[in-house]
Number of protein chains: 2
Amino acid sequence: MSTILVVDDDPRLQRTLSIALRAHSYAVLTASDGRTALQVIAEETPDVVILDLGLPDLDGTEVLRRIRQASLVPVIVLSARHESDDKVEALDLGADDYVTKPFGVEELLARVRAAGRRSGDIGKALGVLATEHFVLDFAERRAKVAGEDIRLTPTEWRVLETLCREPGHLVTQQDLLRSVWGPAYGRESNYLRVYANQLRRKLEPDPATPRHLITEPGLGYRFVP
Amino acid sequence: MSTILVVDDDPRLQRTLSIALRAHSYAVLTASDGRTALQVIAEETPDVVILDLGLPDLDGTEVLRRIRQASLVPVIVLSARHESDDKVEALDLGADDYVTKPFGVEELLARVRAAGRRSGDIGKALGVLATEHFVLDFAERRAKVAGEDIRLTPTEWRVLETLCREPGHLVTQQDLLRSVWGPAYGRESNYLRVYANQLRRKLEPDPATPRHLITEPGLGYRFVP
DNA sequence: ACGGCCCTTGACGCGATCTTGACGTGCCGG
DNA sequence: CCGGCACGTCAAGATCGCGTCAAGGGCCGT
């Protein structure tokens, strides 16, 4: 059973969606503004978020950005606007899908299913993780740093993926080595030092004083968005 | 990766087909009666349906009719009867292919591949894709580069189509191989390198420095218009 | 039967990427 | 103050994957 969070300030739409989703056996949470939404996501960890861009307190894209700093939950964006700029921006920030109003309930349900399935595929399918300074799109293997497209090598991606699976949490050297280089690589080696270095040079604003890729001496690394 | 729905009331046949299809890297769903089948199609949107006409609850042709009211998914009909009446009727109702029992698994697999490919062709009806430098008319199978009409071979078209179905997105080598050469071609081969090369020579302004057909080393290709 | 087109396959070179070892630096405890 | 430890940095050699080419074979139309 999946839990869906609906973020919209229109009570009628909230009700419509709630009924439709519950009819399809989803558990539904609702929020009417961005702050509440962020709080609910932190506390209830829904499986999918449906987010209207037109919110009373915060700009929708800002909400999305903050969600992505904390979580990789699939987000489906709703918008009344048809401008593709919004669409591109939303997808760049890590929305998983984009639906313009008005939309059919069936269509939305299909997208919820698709989003849930993708995230259910867990394991290897991370979405997008963004900060002010860079955007990491794991599905597409694209990285933007300070607005510029950046190339990362396959191994660099695998290291990042492992770290970003639990943003902000410590990942031990053993876990990293095993997950990237295979189960045989249990013990210390140069690998992590070399690749941490590479990644910092490519991603950090100031590679000398890392803000995102943090070393935990003797233990491992931590990636904080 | 394609998803196949097998609709048959004979558990043995269900099992046989599931094993054979899964061995060829399809995801398999099953249904034992018409109602379930319709529901699964609505909810899971399989890529191909294999439908036995002899079902317990509804007449097979009736099931097919209802499928066609809701979806364009390719349907391959199975039938124990040899009467061509059934065949004609099924094809009239929108079946994509017709196989009489008993049949060889290889034959069925070939037809599944063909159906999948066709639906790839028409399913998302690619129209025309144009840039300053070239125009690709998928419907008409015509290409213009720098004002000149250019010939592309069938395989070149299929590769391009697969890439252009999601312009700008990464398409993995596996997806490409499976979609163009069939599900059996999961592993690496020269195909992609050769055809990427051909396409670049024919389409790129400067084939040495590709701007549209981009390689993602170790992963696949990306077509950016 | 012949010729042409297209698909397939193997070989080869090159550049990017990975691996490995050596050395530098800062921290800590003895 | 010294030594050890852990991490950061660098560069050179090995390796891998891709682009490229061309030969061979099947299929189709003439």
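Proteins come first, then strands; the chains are lettered A, B, ... in the order of their sequence lines, and each starts at number 1.
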Nucleotides 22-25 of chain D: which of its N/O atoms have a protein N/O under 3.5 Å away?
none

Between the protein and nucleotides 12-15 of chain D, are there any N/O to N/O pairs under 3.5 Å, and if so, what are the atom names and distances?
none

Please write out the pairs of protein N or O atoms and N or O atoms of nucleotides 5-8 of chain D separated by less than 3.5 Å, giving the distance to one decimal.
residue	atom	partner	partner atom	Å
D:dC7	OP1	A:Gln173	NE2	3.1
D:dC7	OP1	A:Gly218	N	2.7
D:dG8	OP1	A:Arg200	NH1	2.6
D:dG8	OP1	A:Arg200	NH2	3.4
D:dG8	OP1	A:Thr215	OG1	2.8
D:dG8	OP2	A:Tyr221	OH	2.9
D:dG8	N7	A:Arg193	NE	2.9
D:dG8	O6	A:Arg193	NH2	3.4

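The span of DNA chain C lying next to chain A, judged by atoms under 4.0 Å from heavy atoms, is bounded 5' to 3' by C:dT17 to C:dA22.
B:Leu17 places none of its side-chain heavy atoms less than 4.5 Å from the side chain of B:Asp8. Here the side chains of B:Phe134 and B:Glu204 are not in contact, with every heavy-atom distance at 4.5 Å or above. A:Arg211 has its side chain within reach of A:Pro205: a pair of non-hydrogen atoms, C-beta onward, lies under 4.5 Å apart. A:Thr155 is listed as a side-chain neighbour of A:Trp181, based on a closest heavy-atom distance under 4.5 Å. Here the side chains of B:Ile4 and B:Pro46 are not in contact, with every heavy-atom distance at 4.5 Å or above. For the pair A:Ile67 and A:Val75, the minimum side-chain heavy-atom distance is below 4.5 Å. Inter-residue side-chain proximity for B:Ile76 and B:Leu51 is flagged as unmet; no heavy-atom pair is nearer than 4.5 Å.
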Without placing hydrogens or testing angles, list every side-chain donor-acceptor pair under 3.5 Å for residues 213-220 of chain B, not counting sequence neighbours.
residue	atom	partner	partner atom	Å
B:Thr215	OG1	B:Arg200	NH2	3.3
B:Glu216	OE2	B:Arg222	NE	3.1
B:Glu216	OE2	B:Arg222	NH2	3.1

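In terms of position on DNA chain C, the residue among B:Tyr195 and A:Tyr195 whose nearest nucleotide sits closer to the 5' end is B:Tyr195.
By the 4.0 Å N-to-carboxylate-O rule, A:Lys202 lies close enough to A:Glu156 to be salt-bridged with it. With respect to the salt-bridge test (charged N to carboxylate O, under 4.0 angstrom), the residues A:Glu62 and A:Arg66 qualify.
Only one option out of B:Asp52, B:Val49, B:Val40 pairs with B:Val7 in a side chain to side chain contact (heavy atoms under 4.5 Å, CB included); it is B:Val49. Partner of B:Ile50 under the side chain to side chain contact (heavy atoms under 4.5 Å, CB included) criterion, chosen from B:Thr30, B:Leu21, B:Leu5: B:Leu21.
Near DNA chain C, meaning a heavy atom under 4.0 Å away, the residues from residues 150-159 of chain A are A:Thr153, A:Pro154, A:Thr155.
Using a 3.5 Å distance cut-off with no hydrogens or angles, the side chains of A:Arg178 and A:Gln174 do pair a donor with an acceptor.
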